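Quick notes on the structure that follows.
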Amino acid sequence: MTNKITGIAASNGVAIAKAYKLVDPDLSFETRTIDDTQGEKDRISAAFLSSKADLEKIRTKAEESMGADEAEVFTAHIMVTEDPELLSNINDKIDSDKTNAEAALVAVTDMFIGMFESMADDNPYMAERAADIRDVTKRVLSHLLGKELPNPALINEEVVIVAKDMTPSDTAQLDRRYVKGFITNVGGRTAHAAIMARTLEIPAIVGSEVATDEITDGDTVVLDGLDGLALVNPTADEMTAYQAKGNQYAAKKAAWAKLKNEKSVSADGKEFVIGANIGTPKDLDGVTDNGAEGVGLYRTEFLYMDSTELPTEEDQFESYKKVLKNMDGKPVTVRTMDIGGDKHLPYLPLPEEENPFLGYRAIRISLDRDDIFRTQLRALLRASVYGQLWIMFPMVATLPEFRAARDIFNEEKAKLIAEGTQVSDDIKLGIMIEIPAAAVLADKFAQEVDFFSIGTNDLIGYSMAADRGNDRISYLYQPYNPSILRLVKNVIDSAHKYGKFAAMCGEMAGDPVALPILVGMGLDEFSMSATSILQARSLMKQLDTKDMAKLAEKAVDAETNDEVVALVKANVTAD
Ligand code: PEP
Ligand code: MG
């Protein structure tokens with residue numbers, strides 16, 4: 001019988017392809033005393049050469065599929081395999097300790113990693129060196145043990161990726177031509193890997209718990225991202241049925257595509273804005289293809305994460321300029337660096353914390369490391385003349401945080417003007433509302449900001465004290481819970497009371513159950529994964545704002561999440 005695996009439906013569509021397991025093999029080994037030290041030295045030399053050969057292949061492939069910049073990290077890895085000092089230290093260790101190659105390799109590389117990491121606070125480049133050595137050690141060890149590492153950059157046929165988890169940088173390395181979808185053991189619908197899958201328009205299932213145990217490399221997998229179900233080695237009939245389901249979804253998408261150049265307007269003629277969320281300028285094709293009326297969230301941290309060092313002002317300027325020019329005068333909301341939580345930079349080590357999601361992150365880092373923040377703001381200010389720029393700060397909890405960020409922004413603006421650099425005098429400054437404290441105090445914030453953008457992915461997590469990526473407690477991740485709806489309503493009403501703009505850029509904005517309520521509350525802008533835009537526009541066209549206002553009133557007065565789902569289902573019939 002076909003093995004069926006269920007999980008959380010994270011990105012729509014149906015994919016059928018061979019499984020590719022992105023799981024590291026067991027690289028444990030025993031330390032042994034060796035007489036034939038020359039034999040061990042030969043083994044380590046051979047393993048270094050094989051690793052170098054792998055890395056050269058990977059670099060060539062990465063250059064083709066992702067571009068020279070993305071492939072640079074592999075050049076750094078190749079340099080580690082060519083480092084004569086590293087190899088001679090390992091050889092010395094084999095001689096002095098009469099130990100096997102594996103043990104000597106790990107002892108020496110651990111020593112170098114420790115040394116570089118201890119210098120990383122003063123010089124971020126050292127953390128990067130440590131990360132390079134760690135990666136190369138893993139590869140050399142895999143050769144010594146005769147076990148193959150997965151090399152996602154070398155994939156050259158259509159596959160479905162099977163992994164325990166996908167970090168944002170794993171996802172960023174995927175080649176869209178070959179990766180048809182993915183299934184992971186952990187993660188929730190709003191984990192970044194899931195968001196990335198929606199941006200890439202590939203079906204995905206997360207939080208399956210067992211995918212890596214139940215699926216073997218090379219199995220045929222049907223991935224139904226619409227219902228969160230995967231079939232392993234399906235029968236011919238099942239294949240046919242799922243091909244049909246995939247085609248049906250494609251047909252629906254074709255119908256929505258007709259709305260690409262239309263306005264986002266309700267049945268009774270009220271206009272809204274539907275924007276797109278992007279992570280890099282590479283996502284701009286999806287924005288245009290799906291008829292977005294602006295970029296409602298540009299997650300700039302990917303610029304930092306895709307790099308091997310802090311991106312320069314010039315690098316950032318080029319990216320921001322590209323997005324602004326491409327959007328041709330439509331508003332572009334750029335969020336300043338949101339590092340921390342699950343988003344790490346190899347070259348900027350963050351302190352070990354008990355609760356990184358409640359820790360040193362986002363605007364807190366920017367205000368503490370204002371050197372990094374100022375570089376980003378200068379790049380943004382310089383790019384502002386190429387379009388309509390809105391800037392927002394992530395994870396703002398208090399008014400003084402916003403004021404401090406605004407002061408730094410104004411200082412950099414004044415400096416640039418004094419230097420004779422042109423900047424726009426119409427840049428809007430706003431905040432993300434992701435922390436309940438800010439949502440509750442929205443009426444005070446509204447008197448100082450130009451706009452709000454509600455980040456429901458985090459706002460729900462913090463309000464329910466339920467980690468957005470933890471599938472074990474995913475039942476608490478309740479976007480329609482009346483408590484969340486009341487926070488959202490307070491933010492929208494507060495903005496409007498002071499004539500300010502209320503946007504939402506969390507995944508809730510594109511959710512077909514939440515959207516009617518948000519239309520009823522009068523949210524101004526809905527920003528979402530580009531691939532959700534046309535479906536949202538289609539739904540919006542079928543809604544009457546007065547009816548939806550009544551529905552929203554009932555929803556905030558309900559008792560539970562489920563009650564609100566039932567209310568929407570009973571009151572909204574849309575195709
Ligand atoms: C959010 O928290 O809703 C949000 C849009 O930010 P991110 O998903 O990048 O944390
Ligand atoms: Mg967030």
Side-chain angles (χ1 to χ4, degrees), residues 10-11 166-169 171-172 187-199 206 274-280 283 294-306 332-345 355-366 390-397 401 430-439 451-470 477-481 484-485 487-488 491-492 502-511 514-515 518 523 525-530 532:
S11 179
M166 302 271 283
T167 64
S169 57
T171 331
R189 211 187 125 73
T190 52
H192 286 97
I195 294 173
M196 195 78 102
R198 293 196 280 281
T199 306
V206 297
I274 301 190
N277 295 350
I278 64 169
T280 86
D283 299 334
V295 168
L297 168 64
Y298 176 5
R299 290 183 164 97
T300 58
E301 52 277 6
F302 289 102
L303 233 141
Y304 294 78
M305 285 160 54
D306 287 353
V332 173
T333 305
V334 179
R335 172 174 78 186
T336 59
M337 173 180 102
D338 185 16
I339 293 299
D342 64 344
K343 291 180 266 192
H344 299 286
L345 302 180
N355 291 302
F357 281 87
L358 301 178
Y360 184 65
R361 57 178 306 195
I363 191 68
R364 302 164 187 187
I365 299 182
S366 293
W390 297 30
I391 297 175
M392 64 181 173
F393 308 120
M395 291 285 158
V396 172
E401 281 175 338
I431 58 167
M432 299 266 308
I433 301 270
E434 298 165 284
I435 298 182
F451 69 97
F452 291 135
S453 187
I454 310 173
T456 48
N457 304 342
D458 282 310
L459 182 63
I460 297 167
Y462 291 133
S463 302
M464 305 297 290
D467 186 344
R468 62 196 268 187
N470 186 339
Y477 202 84
Q478 302 186 349
Y480 329 112
N481 188 303
I484 303 294
L485 299 178
L487 287 176
V488 167
V491 175
I492 299 172
M504 179 180 285
C505 61
E507 291 300 302
M508 186 173 170
D511 176 332
L515 189 135
L518 299 170
L523 182 72
E525 180 185 275
F526 298 66
S527 191
M528 57 191 72
S529 305
S532 304

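All values derive from a computational prediction rather than experimental measurement. Just follow the structure's listing: the first ligand is 1, and inside any ligand the first atom is 1.
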**Prompt:** Does any N or O in the side chain of Asp458 come within less than 3.5 Å of the main-chain N or O of Met395, such that one atom is a donor and the other an acceptor?
**Reply:** no
**Asked** Excluding sequence neighbours, so at least two apart, what forms salt bridge (charged side-chain N to carboxylate O under 4.0 Å, His left out) with Arg361?
**Response** Asp338
**Asked** Under the salt bridge (charged side-chain N to carboxylate O under 4.0 Å, His left out) test, which residues partner Asp511, sequence neighbours left out?
**Response** none
**Request:** Go through the steps to decide whether Thr280 and Asp283 satisfy the test side-chain contact (heavy atoms from CB on, under 4.5 Å), and finish with yes or no.
**Result:** CA-CA 6 Å; Thr280 86; Asp283 299 334; 4.3 Å; yes
**Message:** When you compare the side chain of Arg198 with that of Asn277, does any pair of heavy atoms fall below 4.5 Å?
**Reply:** no
**Prompt:** What are the atoms of ligand 1, with element, lying closer than 4.0 Å to any heavy atom of Lys343?
**Reply:** 9 (O)
**Item:** Side-chain touch Leu459/Pro436, heavy atoms, less than 4.5 angstrom
**Value:** yes
**Per-residue contact class, Thr456 against ligand 1 - non-hydrogen pairs under 4.0 Å** = backbone
**Message:** Any side-chain to backbone donor/acceptor pair from Arg364 onto Gly359? Under 3.5 Å, distance only.
**Reply:** yes
**Item:** Of the N, O or S atoms in Glu434, the one nearest the Mg ion (ligand 2)
**Value:** OE2
**Message:** Looking only at distances, can you tell me whether any N or O atom of Gly455, backbone or side chain, sits closer than 3.5 Å to an N or O atom of ligand 1?
**Reply:** yes
**Prompt:** Counting only heavy atoms, which portion of Arg361 has something under 4.0 Å from ligand 1: side chain, backbone, both, or neither?
**Reply:** neither
**Request:** Within a distance under 4.0 Å of any heavy atom of Leu297, pick out the atoms of ligand 1 and give their elements.
**Result:** 5 (C)
**Asked** Quick check: does Asp458 get an N/O under 3.5 Å from an N/O on ligand 1?
**Response** yes
**Message:** Among the N, O or S atoms of Asp458, which one sits nearest to the Mg ion (ligand 2)?
**Reply:** OD2
**Request:** Select one of side chain, backbone, both or neither to describe which atoms of Met432 lie under 4.0 Å from any atom of ligand 1, heavy atoms only.
**Result:** side chain
**Prompt:** Does an N or O from Arg335, backbone or side chain, lie closer than 3.5 Å to an N or O of ligand 1?
**Reply:** yes
